[in-house]
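Reviewing the structure listed below.
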Amino acid sequence: MKLIGVDVGGTFTDLVLTDTTANQTIIHKVPTTPHDPSEGVMAGLIELCERNGIDRTEIDHVLHGTTIATNAVLEHKGAVTGMITTKGYRDIIHIGRHQRPEHYSIMQEIPWQDRPLIKRRHRKTVAERIAPPKGEVLVPLDEEEVRIAARELKAQGVESIAVCFLFSYIDPSHEDRAKAIVLEEFPEAFVTTSSDISPQFREFERFTTAAMNAFVGPKVRTYVKNLAANIAASGLKADLHIMGSNGGVATAALVAERPVLTLLSGPAAGVLGGAWCGALSARNRLITFDVGGTSADIGIVTDGRFGEATARDTSIAGFPLMVPMIDIHTIGAGGGSIAWRDAGGTFKVGPRSAGSQPGPAAYGRGGTLPTVTDANVVLGRLSKDNFLGGEMTLDGPAANDVIVAFADKMELPVHECAEGILTIINASMANAIRSRTVQKGIDPREYALVAFGGAGPLHGAEVAAELGISEVIIPPYPGITSAVGLLTTDHKYDAIKTEFQVEGDLDLPRINQDFDAMEENLRKLFVAEGLSDDEMAFQRAGDFRYAGQGYELRIDFPGGRVDDDLMVSVFNRFHEIHLGEYGQNYPDTPVELVNVRVTGVGQMPKIQAAVVDESTTRSLDAALVRRDSTMFRVDGDLQTFETPYYRRELLPLNQPIPGPAIVLQKDTTTVVPPTCTFSADRSGNLFIQVGEIK
């Protein structure tokens with residue numbers, strides 16, 4: 001089968017094609033088109049096929065990581081959104097919880113109050129009330145009030161509506177009926193219900209998640225439908241699948257209805273790609289370090305498993321979310337990050353980025369501000385004639401001019417200023433990694449750093465040195481590892497149901513019934529996609545806490561029917577996990593089962609391990625492109641080194657090579673500082689053994 005992974009970044013759109021039969025992989029990059037990312041996607045798909053003589057009709061699947069939903073939230077450029085909610089609860093999404101984002105600040109910004117997803121005038125209330133714990137109907141749904149609310153929202157110019165009723169996670173019938181009525185009155189609206197998006201307790205988070213789905217819904221739905229239509233019109237017969245934040249792909253139709261599931265889909269694919277590359281060399285404790293033109297994304301893989309963000313810790317742009325999501329931390333640090341001087345004279349880099357248009361000055365597109373890429377050019381760490389495999393020539397004089405101008409402003413020598421830009425950005429990225437490791441009780445020195453993205457291999461060794469990490473892995477295709485990650489995953493869907501059952505008073509038939517029902521619903525999704533039972537797998541889990549706690553831990557259920565013995569093993573596992581997570585547990589305190597979950601995985605064809613052609617003449621002499629002056633800080637001094645530039649594909653295998661060195665390939669450049677050594681292995685990975693950089 002032929003698969004294409006497409007990941008849209010802030011600067012470039014990355015594509016990778018793999019033929020699973022011939023075990024052949026081809027990569028391609030085109031500039032991102034920010035005004036309409038689908039233009040860059042289509043240009044890349046067509047160019048990739050035409051340049052390599054591939055019949056478009058032979059492509060089976062296009063798997064896409066999109067930033068449309070994420071950007072809509074970050075830039076607060078979503079649809080005009082309305083809400084219909086239970087009478088008396090109009091302001092839940094404004095009030096939030098009693099905890100403030102910053103406990104002691106009197107000047108803090110509270111996102112859901114400062115820039116609400118739904119303005120108060122667009123929130124309508126209707127009579128209805130369902131009561132816990134059994135879902136008794138206290139107040140029937142007033143259908144006429146729903147009709148009036150829909151008409152009012154339509155008249156106000158609302159494009160999208162979230163229906164959010166109290167306790168709908170117990171019984172969604174009122175929300176479902178209200179949605180049907182709204183579509184009768186306002187058929188062109190995008191309508192979503194909280195029970196469909198996040199059927200679990202905590203109304204503030206559930207309502208906000210539904211509001212966010214409605215906020216980004218029209219834009220994502222239009223994008224996905226247009227992209228699918230353009231793919232078909234171009235002659236490609238491929239199915240379109242979209243990456244979700246849970247680490248799996250979903251159909252374009254499902255994403256069009258639940259776009260909130262795609263938030264952070266690109267970074268999620270990067271974690272998958274980094275894990276795949278580590279597994280090629282039998283490494284399963286990894287810190288994935290994805291640095292592009294605009295941002296750096298950090299993920300943790302422990303013993304082959306990805307960290308998943310907890311319900312209370314998951315947010316986008318400050319808004320809480322309750323959807324399954326790989327735990328990813330993003331900061332504004334990348335190749336396009338702009339160096340600047342603040343009002344107090346402090347030297348800063350990022351988070352503002354030059355993006356792809358105009359981009360860094362070195363791109364020759366009119367950029368006038370100093371960026372990380374320009375600093376790398378000035379220090380000789382980027383080859384001006386071999387950028388993107390020679391498809392793009394960097395403008396060295398333009399890069400030098402903007403760094404000189406900034407150095408004058410900072411009253412620093414030019415090369416010290418350029419190296420200062422790199423030092424600051426590296427420190428920012430190292431601190432971001434500490435926040436996901438050291439601050440969570442994880443020792444980063446026990447992990448390998450997988451550095452990828454267009455700029456990750458440029459900075460990986462120096463960031464690792466700051467953290468005491470001894471090994472850096474550069475994947476076979478670093479600049480497109482997120483696109484590769486799209487080709488390593490499966491269909492993946494999640495179901496959840498709130499239970500609220502306490503140890504000693506468990507309703508086991510109800511637990512089994514709920515697990516079976518959720519599994520059957522997921523099975524129907526896979527059957528609709530043409531999968532057989534042999535191609536499906538289901539994992540059951542539950543969210544547990546001690547009675548009285550306000551946070552939960554996820555515990556997997558063993559296979560088989562849920563009985564007393566199985567629950568004893570699950571409760572024991574909870575005590576163990578709680579001890580490891582918090583340093584203490586309470587075996588004599590009753591444990592509460594809060595939610596039950598089922599994750600369904602449907603098999604997809606995948607990219608094969610890279611095949612290294614050992615018949616090719618491989619030696620340092622064959623790989624050497626040239627030697628040139630490159631600057632590094634060693635023993636506190638900025639020094640100039642005559643540095644070899646190597647072609648990666650011609651490096652000898654399993655031969656330690658001393659730094660400094662610059663390793664060239666089409667999709668990125670790898671920098672090996674003087675205190676490091678590096679080697680290529682048969683998996684296709686490049687390894688850097690990190691020495692202390694002083």
Side-chain angles (χ1 to χ4, degrees), residues 14-19 22-29 48 51-52 273 276-278 280-281 283 376-377 380-394 450-461 471-481 483-484 607-630 632 641-674 676-690:
D14 303 330
L15 301 97
V16 56
L17 180 147
T18 187
D19 185 332
N23 196 13
Q24 179 186 21
T25 297
I26 302 169
I27 66 173
H28 189 51
K29 293 174 82 77
L48 178 60
R51 290 190 181 190
N52 295 281
W276 178 78
C277 295
L280 293 178
S281 299
R283 305 302 199 272
N376 275 307
V377 171
R381 301 186 185 187
L382 281 172
S383 177
K384 295 184 285 292
D385 300 323
N386 282 279
F387 197 68
L388 289 183
E391 293 185 11
M392 181 176 177
T393 300
L394 295 178
V450 187
F452 55 95
L458 279 164
H459 301 268
E471 184 176 71
V472 177
I473 302 173
I474 310 297
Y477 314 106
I480 59 163
T481 299
V484 169
I607 189 171
Q608 306 293 311
V611 175
V612 176
D613 184 1
E614 298 191 37
S615 65
T616 303
T617 301
R618 291 175 169 272
S619 68
L620 287 182
D621 289 340
L624 183 64
V625 176
R626 69 174 193 277
R627 295 180 182 274
D628 210 336
S629 296
T630 306
F632 294 92
F641 295 83
E642 278 299 302
T643 303
Y645 285 65
Y646 295 114
R647 295 230 62 88
R648 177 171 176 172
E649 67 272 15
L650 299 178
L651 289 170
L653 299 178
N654 300 320
Q655 177 182 327
I657 305 166
I662 306 295
V663 182
L664 306 174
Q665 61 187 109
K666 178 176 180 178
D667 54 327
T668 194
T669 297
T670 301
V671 171
V672 183
C676 302
T677 61
F678 70 103
S679 61
D681 79 352
R682 286 180 171 80
S683 71
N685 285 325
L686 196 70
F687 286 86
I688 302 175
Q689 301 303 318
V690 180

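Note that the numbering runs from 1 along the sequence shown for the chain. Everything numeric here is computed off the predicted structure, so don't read it as measured data.
- Summarising the geometry of I473 relative to G278, their closest heavy-atom pair is CD1-CA, 4.5 Å, with the distance given to 0.1 Å.
- Without hydrogens or angle criteria, T669 side chain to Q665 main chain gives no donor-acceptor distance under 3.5 Å.
- Taking the side chain as every heavy atom from C-beta outward, I688 and T670 approach each other to under 4.5 Å.
- By the 4.5 Å heavy-atom criterion applied to side chains, L458 and N376 are counted as neighbours.
- R618 places no side-chain N or O within 3.5 Å of a backbone atom of A623 that could act as its donor or acceptor partner.
- P478 and A451 make their closest contact through CB-O, 4.5 Å (heavy atoms, listed as atom of the first residue, atom of the second, distance).
- The CG atom of D667 sits 4.0 Å away from atom CD1 of I27, with the distance rounded to the nearest 0.5 Å.
- The side-chain heavy atoms of Q24 and Q608, taken from C-beta on, include no pair separated by under 4.5 Å.
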Next on the checklist: side chain to side chain contact (heavy atoms under 4.5 Å, CB included), that's the test. Do I657 and L651 meet it? Break it down for me.
Outcome noted: CA-CA 9 Å; I657 305 166; L651 289 170; 4.0 Å; yes
Checklist entry - Passes side-chain hydrogen bond (donor to acceptor under 3.5 Å, both in side chains), D621 versus S619? Steps please. => result CA-CA 5 Å; D621 289 340; S619 68; 5.2 Å; no
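- Among V671, I662, V377, T630, the one residue that satisfies the side chain to side chain contact (heavy atoms under 4.5 Å, CB included) test with L382 is V377.
- Considering every non-hydrogen atom in both C676 and A461, the closest pair reads SG-CB, 4.3 Å.
- Note on ring orientation: taking the six-membered ring where Trp is involved, the planes of F678 and Y646 are tilted (angle from 30° to 60°).
- Of all heavy-atom pairs between P475 and V450, the closest is CG-CG1, 3.8 Å.
- Note that NZ of K29 is 13.0 Å distant from CG of L48, once rounded to the nearest 0.5 Å.
- A pairwise comparison of heavy atoms in P476 and C277 identifies CD-SG, 3.9 Å as the closest pair.
- With hydrogens and angles disregarded, no donor-acceptor distance shorter than 3.5 Å links the side chain of D681 to the backbone of F687.
- When side chains are defined from C-beta on, T668 does not count as touching F452, because their heavy atoms never get closer than 4.5 Å.
- Annotation for G479 and D14: closest pair O-OD2, 2.9 Å, computed over non-hydrogen atoms.
- The structure places CD1 of I607 at 8.5 Å from CG of N23, a figure rounded to the nearest 0.5 Å.
- Remark: L664 CG to S383 OG distance equals 5.5 Å, nearest 0.5 Å.
- Of the inter-residue distances, the one linking R648 atom CZ with K666 atom NZ reads 15.0 Å to the nearest 0.5 angstrom.
- Residues passing the side chain to side chain contact (heavy atoms under 4.5 Å, CB included) test with R627, sequence neighbours excluded: L624, E642, P644.
- Separating the CD1 atom in I26 from the CG atom in N52 is a distance of 4.0 Å, to the nearest 0.5 Å.
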